[in-house]
A.B. asks: 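Right, I'll just put the structure down here and ask away after.
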Amino acid sequence: MMHKLSDWLPTTNKEVKLRGWEALDVILFSGDAYVDHPAFGAAVVGRILESYGLRVAIVPQPSVNDNLQDFTKLGKPTMFFAVTGGCMDPMVSNYTASKKKRDKDAYTPNGDKGFRPDYATTVYSTILKEKFPDVPVLIGGIEASLRRVTHYDYWSNTLKPTILEDSKADMLVYGMGEQPLREIVTLMQRGVPFSSLKTINQTAVLVDQSEKIPKNKNWEDVEIHAHETCLADKKLFASNFKTIEQESNKLHANRIIQQVYNKTLIINPPFETMTEAEIDASFDLPYTRLPHPKYNKRGPIPAYEMIKFSINIHRGCFGGCSFCTISAHQGKFIASRSKESILEEVDKVANMPDFKGYLSDIGGPSANMYKMKGKVQEICDKCVAPSCISPVICHNLDTSHKPLTEIYQEVDKHPKIKKSFIGSGIRYDMLVPEFNKNADVKELDDYTEEVITKHVSGRLKVAPEHTSDNVLKLMRKPSFTYFHKFKQRFDKINLRKKLNLQLIPYFISSHPACELEDMANLAAETKDMGFQLEQVQGFTPTPMTVATVIYYSGYHPYTLKKMNTPKTKKEKDEQHRFFFWYKRENQAWIKKTLTEVGRIDLLKKLISKNNTWTKRKKVKNTFNDAVPKKYSKQKKYSKRK
Ligand code: SF4
């Protein structure tokens, strides 16, 4: 289908005129390039506001290095400015785990760097407040959402207050924006001034201490330690996190109150999980599904290339992994799209001119949580557990994989689909009957076989993350025993069907509670299984995770017990080195280190002439045989779950 320029939300005065608009109601500033696709937050927000009849424009990646004309060129909106740092926290986009500047930005044409300032939300919002002090600024997206309360910022190595304080913004939307935006717009359309909107679910505001906190009869308040108290006492900062995490994950949560210098932060409870109709409506908005034509000559946008042939079928994650921010942003309850809505989108993708028949993903934050929820809702209503599957799978969780298997099969019936892959991370532990004790084993087997035989592109990537029980417990991940069990099942199907697939495990080093010996054990155990690891990363402390709170404070927020985290460059480098035990340059060091700590047993396993790994035949990667070369290149951008 040929598009005309006015099919995209306008980004310039010329495009505003094309729509025949004399004024704008909302102007949205984003740290990402504008890709009009449901996987890109700024497009979703823009399209939602548009669906309420508002005149919306987007200013993607405004320049902050010149005369700031990008901030003034579209004038003043009648309702508010909306600001987001983009789909990733700008500090994660701009820096590696070792704080080095990245040389690529996946959300910018050609992967070019330098189009997104550090702390973009604060930078954009501050400029707007200076230029237009009387226009409200609403912030949202990952950066605002995960920095909504006192948080540790790894890149500046400081404890920062709510981003509302630094950004001077008037309101913050956390989590996914559809529901709070609907409420904000509805009330404003009824004539309620922005400054009176203080009790909308899933928003936060910062008010003067002298101001009376507005009442809401449905909410109880819970006050956490003040920002200044957190600055003075790391243990009290850590204890705040338990309340924040529990309230973020409850169906009927309390309102969180925190004193920040001479102001009061009010974080209103989240909305209930979106209904199927609500989430369908969001995905069914009239996206062009393409980057704005202004980028045509600037090169492809890597993040778009990664997802342009993929389908997101649900939101939320009940895994609660300690290093992950998904549940803090999307919640632990799953909002699933209807089969009809998913299939309609598949049809749209299948009819894209450059689609060659290969869907790169049918997934979500975790691939296999579609339609999963509590068997008895009333039990979930009162639940405060941060994870439904750790340390064991909750007896109330319905983990039926049948609806998901059916979706995959329905998608594959489309005449233009040659193959559909599952690129999102699969929670392999839920597929192991010894771990998922209440599940219907046949359903698990059917799903596992369906995935392995039909939806894997040469390599199935899963994330045990570690082998040490101590570390895994803290990560809220199951024992590595279950990875062994899953591998047995994988190998059996792989052999029986002669698939020649590879199982690729992901691991993290330098996580809280991880000692050097844990890494040596990890290296020895995975070597013994025949793996030569490649998908590994060092722990990055991003805002609003349990692991980050432990990293900074040295205390576990739930037990308040002291915990160690490797922090120095030397400690982190040494931990990481064990992943690469097979490299010649690491062997003398490994020998010395393990001899010093008296672990000759591990040394023998790792550095022996009878190298188990080299004895095994390397499994041929069939991925490039299955899909065109161009597509296979896109896999390097695949998401790290
Ligand atoms: S009761 Fe079980 S299924 Fe429901 S939210 Fe709690 S842990 Fe999850």
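Please read all numbers here as calculations on a predicted model, not as lab measurements. One-based numbering, in listed order, for ligands and for the atoms of each. Just the heavy atoms: all of them, side chains too, but no hydrogens, waters or symmetry mates, feed the values below.
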A.B. asks: Quick check on contacts: which atoms of ligand 1 are under 4.0 angstrom from a heavy atom of Phe333?
C.D. replies: 5 (S)
A.B. asks: Report the part of Phe318 (side chain from C-beta onward, or backbone N, CA, C, O) that has a heavy atom under 4.0 Å from ligand 1; answer both or neither where that applies.
C.D. replies: neither
A.B. asks: So does Asp153 pair up with Arg147, basic N to acidic O under 4.0 Å?
C.D. replies: yes
A.B. asks: Under a 3.5 Å cutoff, is there a donor and acceptor pairing between the side chains of Asn438 and His395?
C.D. replies: no
A.B. asks: Below 6.0 angstrom between ring centroids: does that apply to His511 and Phe539?
C.D. replies: yes
A.B. asks: Do Phe40 and Tyr107 make the cut of ring centroids closer than 6.0 angstrom?
C.D. replies: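 Yes, the ring centres sit under 6.0 Å apart.
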A.B. asks: Do the charged groups of Asp398 and Lys371 touch, with an N to O distance under 4.0 Å?
C.D. replies: no
A.B. asks: For ligand 1, note which part of Lys332 has a heavy atom under 4.0 Å away: side chain, backbone, both or neither.
C.D. replies: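 For Lys332, the contact with ligand 1 is made by the side chain alone.
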A.B. asks: In plain terms, say whether Asp440 and Lys442 are close enough for a salt bridge, that is, a side-chain N and a carboxylate O under 4.0 Å apart.
C.D. replies: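 No, no charged N to carboxylate O under 4.0 Å.
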A.B. asks: Are Phe483 and Phe486, when compared by the centres of their aromatic rings, separated by less than 6.0 Å?
C.D. replies: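 No: the rings miss the under 6.0 Å criterion.
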A.B. asks: Which protein N, O or S atoms does atom 2 (Fe) of ligand 1 have within a distance shorter than 2.8 Å?
C.D. replies: Cys394 SG
